[in-house]
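Working notes for the structure below.
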Amino acid sequence: MISYNLSMEFKTIIEPFKIKSVESLPITTEQERRGFLEREHWNVFGLKSQEVTIDLLTDSGTGSMSSEQWAAIMRGDESYAGSHSWQRFNEVLSDLTGYKHIIPTHQGRASEKILATISVKEGDIIPSNSHFDTTRANFEFAQSNPIDLLCEEGLDLLSPAPFKGNVDLEKLEELLKGPESNKIPFVLMTITNNTGGGQPVSMDNLKKVKELCTKYNKMFLLDACRFAENAWFVSQREEEYKDVEIREIAKEAFRLADGCTISLKKDGFGNIGGVLALNDDAMAEAARNLLILTEGFPTYGGLAGRDLDALAQGLKEITDKNYLEYRARSISYLAEKALSYDIPVVQPAGGHALYIDAKTFLPNIPPHEYPGHSVACEIYLIGGVRAVELGTLAFGVANENGEPDTPATHELVRLAAPRRTYTQSHFDYVAEVLEKLAEKKDKLKGYKILEQPKLLRHFTAKLKPLK
Ligand SMILES: *Cc1c(COP(=O)(O)O)cnc(C)c1O
């Protein structure tokens, strides 16, 4: 394969692929969009996909497969046990991660649920840079206490630093040597740090976490959903790794830990799939026993043979540096555009999404009137672009007696890019939508919740705009 760094010779970073199969995008009028949102009580989760022009709701399972992956689908072997597809999946993941036991699951949270069930007891403490929300929910469901120990730079959204996903090593050591050390079954590092804006973790930080885990005799696990994007940032920002192949960086990261959970809907280039990988024999046996109960036989784990094959191929493609460069550039391009319109965004741009800081952008809308939601609705009305609020609507707590909600720490709006799905002109279009958003900034209004469920309210809450 010819591989060279396009950006060294040309200013234009191209999509390093051509299009073989297309899907029409719906083009709607503002009046139609207003009607759709009203019908759904101003909740973008209610919209039908054919009402959305550019869907940036999530990068999970929404990417495009390559022609090689579609070819792999045809190779899918649907044998219940020991299928050839499983062997290919196992081989790619064994080589990539180096872990002894590769356990397929239908998606990331299934791996988390199994991990939490077999290794976490009531009252346990699980330290992390930041737990992703399903990971946190699974540990909490197991009556344990997941805690986030993000580094100082990571807490400041707007100021750039190269590795804002790093864990605070001092705080981690304090916990590991403290009186509750015996309650810690393992340390879990999320790469990249989704909750913190898709920010990378340095290899230096991972190595030091490993040292601490060795010193205090703890297992070290990764939530490695975006292992390739993390390796890309390491190659760009960590001097020692600037000439190292992306795949080698990823391999080294996996080998620092004792196992991982991965949602293959992200850097697996898959529409569905996950894995739980472990070195420990006894844990793996317990995991497989539970897998049979909830997911399926250990050589397919809730996936069709064709899925395993598509993932095996996707996992080979994801570490292509031309692809990763195009991907990172799409996001940083949007961030530069947003900043040029005075829209505050998390900096530097993360690996998979642009995050608008709605608290800073709309200081006149208080958290209990959901400034992030106001932005998300407005960008849909302006251009049919769907994003998600990650602020007080998603993470705040509703109070009794009509008291305002307890606000979330941040009021973010995430525009996540599906992999290999949109082109430069799509990103230019989104930039234009953001430009119009900035022009309308002073006209934006807050929202009021009319109805909400007790849990995960942002998915189904009914709202209305305030006058
Ligand atoms: C998506 C994600 C998960 C959960 O994976 P699913 O496939 O959605 O169940 C866990 N951790 C991180 C960091 C994620 O991004």
Side-chain angles (χ1 to χ4, degrees), residues 45 56-63 93 103-117 120 126-142 146 148-150 154 164-167 186-201 206 221-231 233 250 253-254 257 259-277 291 294-295 301-303 307-308 310-311 314-315 318 327 331 346 350-355 388 390 394-395 412 414-419 456 458-459:
F45 281 98
L56 305 182
L57 191 64
T58 175
D59 68 322
S60 178
T62 51
L93 274 159
I103 299 165
T105 61
H106 82 277
Q107 65 181 81
R109 70 197 68 180
S111 310
E112 293 162 1
K113 171 73 182 155
I114 292 170
L115 176 68
T117 309
V120 172
I126 326 273
S128 175
N129 47 347
S130 300
H131 291 273
F132 181 65
D133 53 11
T134 59
T135 323
R136 166 175 294 281
N138 270 302
F139 291 142
E140 283 174 353
F141 190 75
D148 296 343
L149 301 172
L150 193 61
K164 288 169 77 172
N166 284 353
V167 72
F186 51 79
V187 176
L188 182 76
M189 287 290 287
T190 311
I191 61 170
T192 59
N193 186 22
N194 189 347
T195 307
Q199 298 294 326
V201 178
L206 291 177
L221 300 177
L222 296 175
D223 174 346
C225 294
R226 295 180 182 76
F227 66 92
E229 288 168 14
N230 201 77
F233 285 119
F254 281 117
C260 69
T261 62
I262 312 182
S263 165
L264 296 170
K265 300 172 73 173
K266 284 64 174 259
D267 278 355
F269 265 145
N271 299 123
I272 195 72
V275 69
L276 169 62
L291 188 83
T294 59
E295 292 281 293
L303 295 167
D307 297 327
L308 294 167
L311 292 167
L315 285 164
I318 196 76
R327 178 157 178 79
I331 312 280
V346 172
H352 65 291
L354 176 78
Y355 289 76
V388 61
L390 296 175
F395 305 125
L412 297 177
R414 185 184 72 186
L415 287 76
R419 291 173 179 73
L456 297 171
H458 62 300
F459 290 126

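For clarity, every value in this text was computed on a predicted model and none was experimentally measured. Both ligands and their constituent atoms are indexed starting at 1 by order of listing.
Residues R414 and N194 meet the side-chain proximity criterion, which asks for heavy atoms closer than 4.5 Å. The shortest side-chain heavy-atom distance between L412 and V346 falls under the 4.5 Å cut-off. Considering only heavy atoms from C-beta on, K113 stays 4.5 Å or farther from E295 through its side chain. At least one side-chain heavy atom of P146 sits under 4.5 Å from a side-chain heavy atom of E140.
Each of the atoms 3 (C), 4 (C), 10 (C) of ligand 1 lies under 4.0 Å from some heavy atom of T134. Each of the following atoms of ligand 1 lies closer than 4.0 Å to a heavy atom of S263: 5 (O), 6 (P), 7 (O). In the vicinity of E112, heavy-atom distances shorter than 4.0 Å reach the ligand 1 atoms 3 (C), 4 (C), 10 (C), 11 (N). Within the listing of ligand 1, atoms 13 (C) sit less than 4.0 angstrom from a heavy atom of T190.
Comparing heavy-atom distances from atom 12 (C) of ligand 1 across A416, C225, A224 singles out C225 as nearest.
Using the six-membered ring where Trp is involved, F45 and F459 have ring planes that are perpendicular, over 60° apart on the 30 and 60° scheme.
Counting heavy atoms under 4.0 Å from ligand 1, residue K265 touches it through the side chain alone.
For atom 8 (O) of ligand 1, the nearest non-hydrogen atom of the protein is R109 NH2, 2.9 Å. When only non-hydrogen protein atoms are considered, atom 13 (C) of ligand 1 lies nearest to D223 OD2, 3.4 Å. Looking only at heavy atoms of the protein, atom 1 (C) of ligand 1 is closest to K266 NZ, 1.3 Å. Among all non-hydrogen protein atoms, the one lying nearest atom 6 (P) of ligand 1 is Q107 NE2, 3.3 Å.
Across T135, V120, L221, a single residue satisfies side chain to side chain contact (heavy atoms under 4.5 Å, CB included) together with I126, and that is V120. No option in L308, V275, L264 other than L308 meets the side chain to side chain contact (heavy atoms under 4.5 Å, CB included) test with P104.
The side-chain tip of K164 does not point at the ring of Y355 from less than 6.0 angstrom away and within 45° of straight on.
Residue F132 has no N or O atom closer than 3.5 Å to an N or O atom of ligand 1. Considering both main-chain and side-chain atoms, N194 comes within under 3.5 Å of ligand 1 through a nitrogen or oxygen pair.
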